[in-house]
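Each remark here refers to the structure printed beneath this line.
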Amino acid sequence: MENCIFCKIVRGEIPAKIIYEDDDVIAFNDINPAAPIHFLIIPRIHITSLLDCEKTHQALLGRMLLLAPEIAKEQGCTDGFRTIINTGRVGGQEVFHLHIHIIGGKNRLPGMIHKT
Ligand code: AMP
Ligand code: ZN
């Protein structure tokens, strides 16, 4: 995907603080962190969102999810963290390349969604 910002990070065309990479996946710090630890895990291939995942992506999705606690611990999340996948308009997705947010730090995170 030519103009996808995360594809550009995968191709090394724009800088990012990459904290993990392998053949299928990379992880890098969020440019606008919501907490002291905030990084994103993305597939190297362009998948627009969780809505676009298919059976063929099962192993990749499993890999991304299993990497979350592994990298989180390395980054200093010693007592838990939050994972978020925003999907589509209603989910508030802003970058349309699938990513898992991993957010943590020392203090308990605030509640996620306020009931109305
Ligand atoms: P969302 O699509 O709403 O789940 O979130 C997209 C996330 O990507 C936001 O938290 C942004 O701060 C983050 N982001 C956008 N551009 C970059 C970038 N160039 N490097 C790192 N993080 C980014
Ligand atoms: Zn992309």
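Atoms within a ligand are numbered from 1 in the order they appear, just like the ligands themselves. Since the model is a prediction, treat every value here as computed from it, not as a measurement.
In F6, the part holding a heavy atom less than 4.0 Å from any atom of ligand 1 is the side chain. When heavy-atom distances to ligand 1 are checked against a 4.0 Å cut-off, N29 comes that close only through its backbone atoms N, CA, C and O.
Residues V95 and F28 share a single hydrophobic cluster, defined by chaining ILVMFWY side chains whose heavy atoms lie under 4.5 Å apart.
No more than 12 heavy-atom neighbours from other residues, nucleotides or ligands sit within 6.0 angstrom of CG on D79.
Judged by the shortest distance from any of its heavy atoms, L40 lies inside the 4.0 Å radius around the atoms of ligand 1.
For a threshold of 3.5 Å applied to N or O pairs, the pair formed by I5 and ligand 1 contains no separation below that value. Polar contact check, H38 against ligand 1: no nitrogen or oxygen pair lies under 3.5 Å apart. Between F28 and ligand 1, a contact under 3.5 Å exists for no N or O pair.
Here is the list of ligand 1 atoms found below 4.0 Å of a heavy atom in G92: 3 (O). Residue N86 approaches ligand 1 through these ligand atoms, each under 4.0 Å from one of its heavy atoms: 1 (P), 3 (O), 4 (O). Ligand-side atoms of ligand 1 in range of Q93: 2 (O), 3 (O), range being under 4.0 angstrom from any heavy atom. Close approach of ligand 1 to N32 is summarised as follows: ligand atoms under 4.0 Å from at least one heavy atom of the residue are 12 (O). Taking a cut-off of under 4.0 Å to the non-hydrogen atoms of E94, the atoms of ligand 1 that pass are 1 (P), 2 (O), 3 (O). Those atoms of ligand 1 with a heavy atom of H101 less than 4.0 angstrom away are 1 (P), 4 (O), 5 (O), 7 (C), 10 (O).
Across H97, H46, K8, a single residue satisfies side chain to side chain contact (heavy atoms under 4.5 Å, CB included) together with M1, and that is H46.
Of the listed residues (K17, K8, H99), the one carrying the non-hydrogen atom nearest atom 4 (O) of ligand 1 is H99.
Inspection of the environment of the Zn ion (ligand 2) yields the following protein N, O or S atoms under 2.8 Å: C4 SG, C7 SG, H46 ND1, H97 ND1.
In this structure, H99 and F6 have perpendicular ring planes: the angle between them is above 60°, well past the 30° mark.
Given atom 23 (C) of ligand 1, the protein heavy atom at minimum distance is I31 CG2, 3.5 Å. Among protein heavy atoms, atom 7 (C) of ligand 1 sits closest to D30 OD2, 3.5 Å.
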Show your reasoning for whether side-chain contact (heavy atoms from CB on, under 4.5 Å) applies to D30 and H101.
CA-CA 8 Å; D30 195 292; H101 294 257; 3.9 Å; yes
